[in-house]
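So the structure is just underneath, and the comments pick up after that.
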Amino acid sequence: MYQAFYGLKENPFSIQPDPDFLYFGRRHSYAYAMMEFGIRNRVGFMVISGEIGCGKTTLVRHLLNNLAPELTVGLVYNTHREIANLLQWIMLSFGLTYEGQSNVALFDEFQRFLIKQYGFGKSVLLIIDEAHNLNPDALESLRMLSNINADKHQLLQIMLVGQPQLKELLLRPDLLQFSQRVEVDFHIKPFDSDDVQGYIQHRLKIAGRETPLFTADACAKIAQASQGVPRRINILCNTALVYGFAAESKLITLGLVEEMLSDKAEFGALSNPE
């Protein structure tokens, strides 16, 4: 709609996770560095948490695009509290047969898979997204899988990615044995104001716009309204661009952003009723 008007080749503020648009703010850089450190040092468990919309899944997708070829990776992303057999989902993520087998048979086959990969000189990485949905029994089953080793070599690395509830879950007394296995952990907080402006400019540049489009005070207002959460920033910037296009404004100014925010508060379908 507004792309040609603002010299853009694509939507710069889609809320879909897209590693091509990944912006490494300070905390995202730290989180990614911890991910890389954990993988390279073959630690057993890694935990990455963050608020809803903070870019965890985008970071994971960027990681997947840049992993070394000697890594065999499985991704489980459709977890829920009542998941009946997590091992079946893990087998599925690695393309292994899982139907019609007992838990003992599944465990034995997965153990053989890990040993076979080790024999090929490959490491195995399991990433579980939305891990805050797992129940304690599922986490305990992961701990048991992590016990499959070859001498001093860790055959399976597990990365849990989830919302802040994941931190709370892992602090439960009955999960002490699990939490003591976590060697790498990082919690991603929202962007600060300076990062928000850099984030907006970065996404516009990736989408084809070289010259500034949002004024500094407009960026500051969006930072305040979004509380620094990337997904909220995207939604507000996208709406501001629609307003700017409708008003034929060459720049997204503070006044235009304030008008947009006022309209969302008064007329938005998700605004708080009086």
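- Side-chain atoms of Ile39 and Leu63, non-hydrogen and from C-beta on, do get closer than 4.5 Å to each other.
- Using modelled atom types, one finds no donor on one side chain facing an acceptor on the other under 3.5 Å when comparing Tyr98 with Asn85.
- Crowding of Phe5 atom CZ: a count of heavy atoms from other residues, nucleotides or ligands under 6.0 Å exceeding 12.
- Contact annotation: the side chain of Lys122 never approaches that of Tyr118 to less than 4.5 Å [non-hydrogen atoms, C-beta and beyond].
- With no hydrogens or angles considered, no side-chain donor-acceptor pair links Arg42 and Gln157 at under 3.5 Å.
- For the residue pair Arg181 and Ser179, no side-chain donor N or O sits within less than 3.5 Å of a side-chain acceptor on the partner.
- The closest side-chain donor-acceptor pair between Tyr199 and Asp194, if any, does not fall under 3.5 angstrom.
- Between His28 and Tyr23, the distance separating the two ring centers is not shorter than 6.0 angstrom.
- Here the NZ atom belonging to Lys56 is positioned 8.5 Å from the NE2 atom belonging to His187, to the nearest 0.5 angstrom.
- Heavy-atom contacts from other residues, nucleotides or ligands closer than 6.0 Å to CD1 of Ile52 number 12 or fewer.
- Between Phe94 and Ile90, some side-chain heavy-atom pair lies under the 4.5 Å cut-off.
- In the displayed structure, Lys205 atom NZ is contacted under 6.0 Å by at most 12 heavy atoms of other residues, nucleotides or ligands.
- With salt bridges taken as basic N to acidic carboxylate O contacts below 4.0 Å, one links Glu140 and Arg143.
- Between the side chains of Tyr30 and Arg26, no donor-acceptor pair of N or O atoms lies under 3.5 Å.
- At a threshold of 4.0 Å, the pair Lys221-Asp217 does not count as salt-bridged, since none of the basic side-chain nitrogens sits closer than that to a carboxylate oxygen.
- Annotation: side chain of Leu67 is in contact with side chain of Val73 (closest heavy-atom distance under 4.5 Å).
- The shortest side-chain heavy-atom distance between Ser93 and Val76 falls under the 4.5 Å cut-off.
- The distance from the CG atom of Leu166 to the NE2 atom of His132 is 8.5 Å, given to the nearest 0.5 Å.
- Closest of all the heavy-atom pairs between Thr215 and Thr253 is OG1-CA, 3.7 Å.
- Considering every non-hydrogen atom in both Gly228 and Val196, the closest pair reads CA-CG2, 4.1 Å.
- Interatomic distance, CD of Glu51 versus NZ of Lys189, reported as 10.0 Å (0.5 Å rounding).
- For the atom pair CZ of Arg203 and CD of Glu10, the computed distance is 9.0 Å after rounding to the nearest 0.5 Å.
- The line from CD of Glu168 to CG of Leu175 is 13.0 Å long, rounded to the nearest 0.5 Å.
- Leu155 contributes atom CG, which lies 11.5 Å from atom CG of Leu145 (distance to the nearest 0.5 angstrom).
- Two residues are said to be in side-chain contact when any heavy atoms from C-beta on lie closer than 4.5 Å; Tyr77 and Ile128 fail this criterion.
- Here the rule is ring pair (Phe, Tyr, Trp, His ring centres under 6.0 Å) with Tyr32, and of Phe37, Phe186, Phe24 only Phe24 fits it.
- Contact of the Leu169 side chain with the Gln165 side chain is not registered, since no non-hydrogen atoms from C-beta on lie closer than 4.5 Å.
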